[in-house]
Each structure stands twice: as C-alpha cells, then as structure tokens.
Amino acid sequence: MTKTLNWGLISTARITRALIPPLQVSKRNHLLAVASRSQENADAYAKAKKIPRAYGSYEALLADSEIDVIYNPLPNHLHAEWTIKAVEAGKHVLCEKPLALSVEEVDAIKHAAHKYGRIVSEAFMYRHHPQTLKVQEIVRSGSLGALKMIRGSFSFVLTREGDVRLNPEWGGGSIWDVGCYPISYARMATGLEPFEVFGWHVAGETGIDETFVGQMRFEGDIHAQFDSSFVIPFHAFMEIVGSDGALNIPHPFRPGVDETIYLTRNEKTESIRVRGGELYIGEVEDMADAVLLGREPRISLDDSRANVRVIRALLESTRAAMPVRLSRENF
Ligand SMILES: NC(=O)c1ccc[n+]([C@@H]2O[C@H](COP(=O)([O-])OP(=O)(O)OC[C@H]3O[C@@H](n4cnc5c(N)ncnc54)[C@H](OP(=O)(O)O)[C@@H]3O)[C@@H](O)[C@H]2O)c1
C-alpha cells in the first residue's frame, strides 16, 4: 500500500504538539496543513512546526481536497459539530476525547460517518500502547481469576486561568477531561458495561466538577471505583483485582517507552516489563490501518458511545444524589 494519508490539524490547540512528531515520522501519514481561527496564528504555527499549508479558518481546511484525515482537538463542546462537518466534507476524523458530550451527539456522528462512508475514532491514545494490550492479555488469560474490583485515578492541578476545562457550557470538569480515562479503562478491562453508577463531586468556582468520585457496578459482582480532579497534584494509577491475583499499573494513561506493571498472585509479586513506543503513534497508525487497510479502528463509535453514556449517568447521579441504573438497551 503506497498511499500516504494527508492530515490537517483543526486548530493550534496545545495537544496538537503531541501528534506532530508521530505524523512527521510515520511512513503512511503526512502532516499537510493546520487551521486556526486567525490566519496570522496559523501562519506562525505552520512556520514553527514546518507544516506546508496554513489556513485562517476551519472551513478553509475542510475545503482542501487533498486532506484525507482531520485531527480534531477543539474544546469538548465543539467535538461533535466539527467532526460532523469534517465527515460531510469527505474527511476521516481522529477526534480528541471525549468524542462528544451526549449519546445523541455520538449517534449524530455515527449517522454522518455511515452516510459519508468515513472513519471516525476517538483519540484515547493509551488504548494503542503495548502496555494496555499486555494488561488486556493478562486479564483475558484468566491469571487474575474472576474479576472483582477495579480502582483508578487521574488528577492534576489545573492552574491556567480561563482554561477551556473550566467552562461548564463547554464540557468542562474533571470527569470529562480525565475521569473519562479510568472509566474507559474499567470498561475495557471487564469487557462489560456497568448497569449502575453512583457519583459525588466537589464543585469549583465556575460550576464544573473540580473533583469527581465515582463507582460503577458490573454484572458478576464486579465493582469499579475511580476519582478525577483538577486540584490534586498529578496522580494516576489503575489496579485490577481478581479472585486469584491483582495487577497494578502505575502509568496506565500516559505510558512511556519502558514500563513495568506488577502481577501479585499467592502473595508473590512479579514485575512485568513492557517495551512501549512513542505514546501518540498508536492512534495515528490505527487510523491509517482503518482507512488504508479497511480494519476496524481499535476504538469503535459504539465504544465511545458507551463511555459517554456512563459519564452522563454519573453526572446525573451527582445531581440526583442517588445511584443511576443503566438499561441494557442501546449498548
Ligand atoms: N489525549 C490527550 O493526551 C489529551 C491531552 C490534552 C488535551 N486533550 C483534549 O484535547 C482537546 C484540547 O485540549 P487543549 O488543552 O489542547 O486545548 P487548548 O490548548 O485550549 O486549545 C483549544 C483550541 O481550540 C481552538 N478554539 C476554537 N474555538 C475556541 C474557543 N471558543 N475558545 C478557545 N479555543 C477555541 C483554539 O485554536 P485556534 O485559536 O488555533 O483556532 C484553541 O487553541 C480537549 O478536548 C482535551 O480533552 C487530549
């Protein structure tokens, strides 16, 4: 397969910096253009990052017929809108997490992707890393026995004034920003969807949840607990506990090149080393596999829909101050 995919960045969001190195080294992907709301900004960014084309509007980027894939790292409330516009313009889309802020938005993305025959996948980069694949292999091998309890955290101190994550109208809040990771991890590890959730939050000054604490119940008496926060110094881990063993993952969401996870069985702990790679290359190559080789993207739209559904139920639970049950329909 000799075709190279031309990528366009929709905005100069900070996270685009993470995608540029993989796009520039990948043999099947090429970073062709960047767009910003201002031409001046786009020009400066393109010059600094050696990107051949710069557009002063997102519409102009979508009108470039040589662009195959759009990377959408806009603020959360614009994910669905611009993903759908990109698909309607004939582009495939790698969209940042959370893919959307409601199940209805995910359904609209799915409808557009189907109608225009384009691939859309959520940029949960950790899912493609060899460490995550190793964790899935261990859980599925049965070494942990029957799964019982999953715990996880993701927090950091958010100090930037006016950050998009602080705006409640824009999908701000710690659960949308970082809580989505341990939720996604627990769903991935169990291979199940929770049937009941319960959440508490601490509201920040702008009304977003600055800390979120949640619980999820799965069939088979499996429970998951997680927390996310903008006021707790960087802290992240996952722990998967079964009837025969426990797996500790110290760097679950931003794994590096050389990682170790810990498998404890019969009171003995085995260190398992995992050679990783550049964190963000996986999602770029997964997109190329999907577009060029016709493979299913690792993160399907149904998977993203289920994650959004759980987050919405957890938010509803904090408002109602009671557990929320999720029906089995529409998983
Ligand atoms: N997977 C990961 O590791 C990871 C890490 C960080 C963030 N993220 C995700 O990436 C997304 C962006 O996060 P970020 O921290 O990179 O955001 P950011 O630096 O605040 O950038 C957001 C960009 O959106 C554009 N934009 C369009 N309308 C806007 C508006 N009304 N107000 C502000 N900006 C607007 C701006 O680009 P222009 O001015 O160029 O148009 C801005 O630079 C979020 O969805 C977040 O969840 C993912």
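Each ligand, and each atom within it, is numbered from 1 in the order the structure gives.
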Notebook entry, point to check: Applying the side chain to side chain contact (heavy atoms under 4.5 Å, CB included) test to L99, which of V106, I299, N72 qualifies?
Noted result: V106
Note to self: With a cutoff of 4.0 Å, is Y181 in contact with ligand 1, counting heavy atoms of the residue only?
What the structure shows: yes
Next item on the list: Return yes when atom CG of D258 has more than 12 non-hydrogen atoms of other residues, nucleotides or ligands closer than 6.0 Å, and no otherwise.
Entry: yes
Item checked: R53 with E66: basic N within carboxylate O range, under 4.0 Å -> yes
Next item on the list: Answer with yes or no whether L78 contacts ligand 1, where contact means a heavy atom under 4.0 Å from a ligand atom.
Entry: yes
Next item on the list: Describe, in one word, how the ring planes of W200 and F198 are oriented to each other, choosing from parallel (under 30°), tilted (30 to 60°) and perpendicular (over 60°).
Entry: tilted
Notebook entry, point to check: Which ligand 1 atoms, with their elements, are less than 4.0 angstrom from a heavy-atom of L74?
Noted result: 11 (C), 24 (O), 25 (C), 27 (C), 44 (C), 45 (O)
Notebook entry, point to check: Counting each atom of ligand 1 from 1 as listed, which ones have a heavy atom of H79 under 4.0 Å away?
Noted result: 45 (O)
Next item on the list: Please determine, by modelled atom types, if S155 and S229 share a side-chain donor-acceptor pair under 3.5 angstrom.
Entry: no
Next item on the list: Considering the heavy atoms of Y280, write down every atom of ligand 1 situated less than 4.0 Å from one of them.
Entry: 2 (C), 3 (O)
Note to self: Can you tell me which residue among I150, L147, L192 is in a side chain to side chain contact (heavy atoms under 4.5 Å, CB included) with F218?
What the structure shows: L192
Item checked: Those residues that, when tested against P98, pass side-chain contact (heavy atoms from CB on, under 4.5 Å) (two or more places apart) -> N76, H79, L101, E122, W176
Checklist line | Of V197, V103, I175, the residue whose pairing with I311 passes side chain to side chain contact (heavy atoms under 4.5 Å, CB included) | finding: I175
Item checked: Option set L9, I15, V178, I10, criterion heavy-atom distance to atom 4 (C) of ligand 1, minimum -> I15
Notebook entry, point to check: Relative to ligand 1, is E96 under 4.0 angstrom through side chain, backbone, both or neither, heavy atoms considered?
Noted result: side chain
Next item on the list: Go through ligand 1 atom by atom and flag the ones less than 4.0 Å from a non-hydrogen atom of S36.
Entry: 38 (P), 39 (O), 40 (O), 41 (O)
Margin query: Checking a contact table here: which protein heavy atom is nearest atom 20 (O) of ligand 1, and how many Å away?
Written below: R14 NH2, 3.7 Å
Note to self: Geometry only, no angles: is R160 polar-contacting ligand 1 at N/O separations under 3.5 Å?
What the structure shows: no
Next item on the list: Give me the ring orientation class for F212 and H201: parallel if the planes are under 30° apart, tilted from 30 to 60°, perpendicular past 60°.
Entry: parallel
Check: Of all the non-hydrogen atoms in the protein, which one sits nearest to atom 34 (N) of ligand 1, and at what distance?
Finding: R37 NH2, 3.6 Å
Notebook entry, point to check: Looking only at N/O atoms, are Y58 and ligand 1 under 3.5 Å apart anywhere?
Noted result: yes
Next item on the list: Give the residue and atom name of whichever protein heavy atom lies nearest to atom 24 (O) of ligand 1, and the separation in Å to one decimal.
Entry: P75 CD, 3.2 Å
Item checked: Proximity flag W170 to ligand 1, non-hydrogen atoms under 4.0 Å -> yes
Note to self: Side chain, backbone, both or neither: which applies to K97 and ligand 1 if a contact is any heavy-atom pair less than 4.0 Å apart?
What the structure shows: both
Notebook entry, point to check: Looking only at protein heavy atoms, which one is nearest to atom 37 (O) of ligand 1, and how far off is it?
Noted result: S11 CB, 3.2 Å
Item checked: Nearest neighbour in protein (non-hydrogen) for atom 22 (C) of ligand 1 -> A13 CB, 3.6 Å
Notebook entry, point to check: In ligand 1, which numbered atoms sit nearer than 4.0 Å to a non-hydrogen atom of P73?
Noted result: 11 (C), 12 (C)
Notebook entry, point to check: Does the gap between the ring centers of Y185 and F226 come in under 6.0 Å?
Noted result: no
Margin query: Checking a contact table here: which protein heavy atom is nearest atom 15 (O) of ligand 1, and how many Å away?
Written below: R165 NH2, 2.8 Å
Margin query: Closer than 4.0 Å to some heavy atom of D177 - which atoms of ligand 1 meet that?
Written below: 47 (O)
Next item on the list: Measure the acute angle between the ring planes of F154 and F234, then classify it against the limits of 30° and 60° as parallel, tilted or perpendicular.
Entry: perpendicular
Note to self: I'd like to check which ligand 1 atoms, numbered from 1 as shown, lie under 4.0 Å from a non-hydrogen atom of N41.
What the structure shows: 39 (O), 40 (O)
Note to self: Please determine whether a side-chain nitrogen of the Lys or Arg among D303 and R187 lies less than 4.0 Å from a carboxylate oxygen of the Asp or Glu.
What the structure shows: yes
Next item on the list: Can you sort out which atoms of ligand 1 are near N76, meaning under 4.0 Å from one of its heavy atoms?
Entry: 44 (C), 45 (O), 47 (O)
Note to self: Tell me whether K110 is salt-bridged to D302, with the criterion being a basic N under 4.0 Å from an acidic carboxylate O.
What the structure shows: yes
